[in-house]
Amino acid sequence: MLLNAHSVTQQGLTNTNSAVKMSFIKVEPSSDFSFHNLPYGIFSTLDNPKRHIGVAIGDQILDLSVILSLFQGPVMSKHRDALQKPTLNAFMGLGYEAWKETRSTLQFLLSNNESTLRDDCTLCSRAFVPQSVAIMHLPADIGDYTDFYSSRDHATNVGTMFRGKENALMPNWLSLPVGYHGRASSVVVSGTPIRRPLGQMRPDQTKPPVFGPSKQLDIELEMAFFVGGGNLLGEPIPIEKAHEHIFGMVLMNDWSARDIQSWEYVPLGPFLGKNFGTTISPWVVPMEALLPFAEPNPIQYMYWTMKQQLAHQTVNGCNVRPGDLLASGTISGHDPKSFGSMLELSWRGSKSIDLGGGETRTFLWDGDEVTITGHCERDGYRVGFGSCTGVILPALQH
C-alpha cells in the first residue's frame with residue numbers, strides 16, 4: 001500500500017515581472033528543481049562513492065567539487081574548500097553573505113546567457129550527474145534536533161482528543177513556541193526504511209501496561225529548517241537577525257508511535273514514541289528561493305514562524321550550531337482534508353481513513369509506504385522539495 005500525504009503547496013501572488021529566468025539546462029515545468037530553486041544536497045554514485053555537495057536543477061545534479069575554481073567572489077574565493085566537504089555543515093557555517101554569493105554565482109553559471117559551463121562540453125560532462133543515478137545522503141551532520149508544536153489547528157485537535165474542547169490548548173501555547181528536543185541520531189534521509197518500534201503501552205487503563213510492537217504507528221507532516229551560522233553560548237539570536245541563521249528548508253515526517261507516546265509522555269514529553277525514526281527530504285531549499293512566496297504572519301496553518309522558533313530556542317542563551325535541525329511540528333488546517341497526521345484523520349482511531357481502491361487505515365500497517373511532497377508555484381515556475389518517503393518494516397521479534 002502506498003500512502004501519499006497531502007502536499008504542502010503555496011500558491012504565490014502574481015508577480016508583476018512575469019518573465020521566467022531560464023537555464024541552459026532543460027527543466028520541465030512540472031519539475032520541483034527549477035532555475036529559481038537550486039537546492040543543495042549530498043550525493044554519491046555507484047561509480048564514485050565519495051560524497052559530494054550537489055545542486056539540483058531539472059533532472060540533473062551540478063557537482064560543486066568539479067567547478068570550485070569558478071567561485072571567485074570575495075567570500076567564496078577564500079572558502080572554496082567548504083564546497084568539497086561530505087556534508088553541508090562547513091558551508092552552512094560560513095553564514096548569510098556566503099550563501100547569497102554562492103547562489104548568485106550558481107544562477108550566473110547556469111543561465112542560458114552565460115557560456116562558461118554551457119559551451120564547455122568537457123567540463124559539463126564532469127560537472128553534471130543525472131539524478132537517476134545518484135544516491136542521496138543526509139545533507140548535514142545533525143548535531144541537535146528540536147521539534148516544535150506550532151500549528152494551532154493541530155494542537156487544538158490533539159488537545160481536544162485528550163483533554164476536551166475547553167482545555168484543548170495548554171495555558172502556555174499562545175505565549176511561546178512549545179517544543180521538545182528530539183534524537184538527532186535517528187534522523188534519516190528519504191528512502192530509508194523505518195522499523196516499527198517496540199515499547200511499553202497501556203491500551204486498557206484497567207490493566208497493567210504491556211510491552212510489544214506499536215499498534216498506532218503514525219505520520220506527522222512537517223517542515224524543518226537547518227541552522228546556518230550559529231551563536232555563542234549565552235548570547236541569544238535576536239529575532240531581527242534570525243533570518244541570517246536560517247540556511248534552508250526540507251520536508252519532514254516525524255513518525256510517531258501514538259500508543260507508546262500517550263503512556264510515556266507525562267510529565268517530561270515525547271521520548272521512545274518519537275525517537276525511533278524521523279525522515280527528511282534530501283534537498284535543502286535555500287531561503288532566498290522561498291522568499292517570493294512569503295506571507296505575513298500568522299501564515300496559513302502555522303501560528304509560530306521559523307524566526308520566532310529560532311529566537312525562542314536561543315533566548316535563554318542556548319547555542320545552536322551549523323547543521324542543527326528545527327522542525328515545525330505537525331502542520332494541519334481547519335478542514336479534515338488538511339490534517340497532517342493519521343491521529344487526526346482517524347480521530348484517534350475512531351473512524352477509518354479511505355485510501356481508495358477499497359483500502360482503509362486508522363494507523364500504519366507493516367509494508368505501508370508514505371510519501372510527502374510539497375512545492376511553491378507562481379508565474380510558470382516551481383520551487384519544490386522533492387519527496388520525503390519511508391516504508392514501514394515489521395518490528396523485530398522480542
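Aromatic ring centres of F247 and W99: separated by under 6.0 Å. If you look at F148 and Y180, their ring centroids are not closer than 6.0 Å.
Remark: R258 engages E220 in a salt bridge, criterion side-chain N to carboxylate O under 4.0 Å.
Every residue two or more places apart in sequence or in another chain was checked for a side-chain hydrogen bond (donor to acceptor under 3.5 Å, both in side chains) with T192, and none qualifies. The salt bridge (charged side-chain N to carboxylate O under 4.0 Å, His left out) check on D324 picks up nothing, with sequence neighbours excluded. Residues satisfying the side-chain hydrogen bond (donor to acceptor under 3.5 Å, both in side chains) criterion with N37, sequence neighbours excluded, are absent altogether. Remark: H243 engages Y96 in a ring pair (Phe, Tyr, Trp, His ring centres under 6.0 Å) (not counting sequence neighbours). Residues satisfying the ring pair (Phe, Tyr, Trp, His ring centres under 6.0 Å) test with H154, not counting sequence neighbours, are Y149.
In this structure, the side chains of V285 and V250 stay at 4.5 Å or more apart for every pair of heavy atoms. Contact annotation: the side chain of V133 never approaches that of L46 to less than 4.5 Å [non-hydrogen atoms, C-beta and beyond]. Looking at I53 and L88, their side chains come closer than 4.5 Å, going by heavy atoms from C-beta outward. Contact check for Y381 versus S34: side-chain heavy atoms found under the 4.5 Å cut-off. Annotation: side chain of V66 is not in contact with side chain of L64 (no heavy-atom distance under 4.5 Å). Using a 4.5 Å heavy-atom cutoff, the side chains of Q309 and S150 are in contact. With a 4.5 Å cut-off on side-chain heavy atoms, L343 and M161 count as touching. At a threshold of 4.5 Å between non-hydrogen side-chain atoms, the residues L38 and L110 count as touching.
Put simply, the residue from F226, W283, F91, F33 that forms a ring pair (Phe, Tyr, Trp, His ring centres under 6.0 Å) with Y40 is F91. Tested against I260 for a side-chain contact (heavy atoms from CB on, under 4.5 Å), the candidates M201, Q216, K274 yield a single pass: M201. Of the candidates I194, I392, D368, L217 forms a side-chain contact (heavy atoms from CB on, under 4.5 Å) with just one, namely I392.
Nearest heavy atoms, L251 versus S281: N-OG, 2.9 Å. Closest heavy-atom contact between F128 and I57: CE2-CG2, 4.4 Å. Scanning all heavy atoms of the two residues, the minimum distance from A82 to L94 falls at CB-CD1, 3.9 Å. Closest heavy-atom contact between C388 and T279: SG-O, 3.4 Å. Nearest heavy atom pair, residue L310 against residue V320, reads CD1-CG2, 4.3 Å. Residues F162 and R348 come closest through the heavy atom pair CE2-NH2, 3.2 Å.
The closest donor-acceptor contact from the side chain of R195 to the backbone of P394 lies under 3.5 Å. The backbone N or O of T122 lies less than 3.5 Å from a partner atom in the side chain of S125, making a donor-acceptor pair. No side-chain donor-acceptor contact under 3.5 Å links T314 to the backbone of G317. Between the side chain of D218 and the backbone N or O of M342 there is at least one donor-acceptor pair closer than 3.5 Å. Side chain of E359 to main chain of G356: no donor-acceptor pair is present (N/O by atom type, distance under 3.5 Å, no hydrogens or angles). In this structure, the side chain of S186 engages the main chain of N275 through a donor-acceptor pair within 3.5 Å. For S328 (side chain) and E222 (main-chain N/O), no donor-acceptor pair under 3.5 Å exists by modelled atom type. Judged by distance alone, with hydrogens and angles left aside, the side-chain atoms of R361 form no donor-acceptor pair with the main-chain N or O of S346 at under 3.5 Å. In terms of modelled atom types and a separation under 3.5 Å, the side chain of R51 and the main chain of F43 share no donor-acceptor contact. Between the side chain of H375 and the backbone N or O of V383 there is no donor-acceptor pair closer than 3.5 Å.
In this structure, CD in Q131 is found 8.0 Å from CD in Q60, a value given to the nearest 0.5 Å.
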**OP:** Before giving the answer on side chain to side chain donor-acceptor pair (under 3.5 Å), spell out for Q261 and S256 the whole-Å C-alpha distance, their side-chain angles and the decisive distance to 0.1 Å.
**Re:** CA-CA 8 Å; Q261 180 183 356; S256 301; 4.6 Å; no

Original post:
Can T87 and N89 be said to form a side chain to side chain donor-acceptor pair (under 3.5 Å), step by step?
Top reply: CA-CA 6 Å; T87 68; N89 293 69; 3.0 Å; yes

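The list of ring-ring contact (aromatic ring centres under 6.0 Å, His included) pairs with a residue in residues 248-282, not counting sequence neighbours, is empty.
Checked by atom type, the side-chain pair D259/S214 shows a donor-acceptor distance below 3.5 Å. With hydrogens and angles left out, the side-chain atoms of S30 and E28 include no donor and acceptor closer than 3.5 Å. Using a 3.5 Å distance cut-off with no hydrogens or angles, the side chains of E344 and N157 do pair a donor with an acceptor. Checking T206 against D204 by side-chain atom types alone, a donor-acceptor pair falls below 3.5 Å. Judged by distance alone, the side chains of Q84 and S65 never bring a donor and an acceptor atom under 3.5 Å apart. For the residue pair E369/T389, the side-chain donor-acceptor check at 3.5 Å is not satisfied. With hydrogens and angles left out, the side-chain atoms of S185 and R183 include a donor and acceptor closer than 3.5 Å. Judged purely by distance below 3.5 Å, without hydrogens or angles, the side chains of D153 and S151 never pair a donor atom with an acceptor atom. A donor-acceptor contact closer than 3.5 angstrom links the side chains of H137 and S44.
Because its NZ or CZ atom is not both nearer than 6.0 Å to the ring centre of Y301 and within 45° of the ring axis, R152 does not count as a cation-pi partner of that residue.
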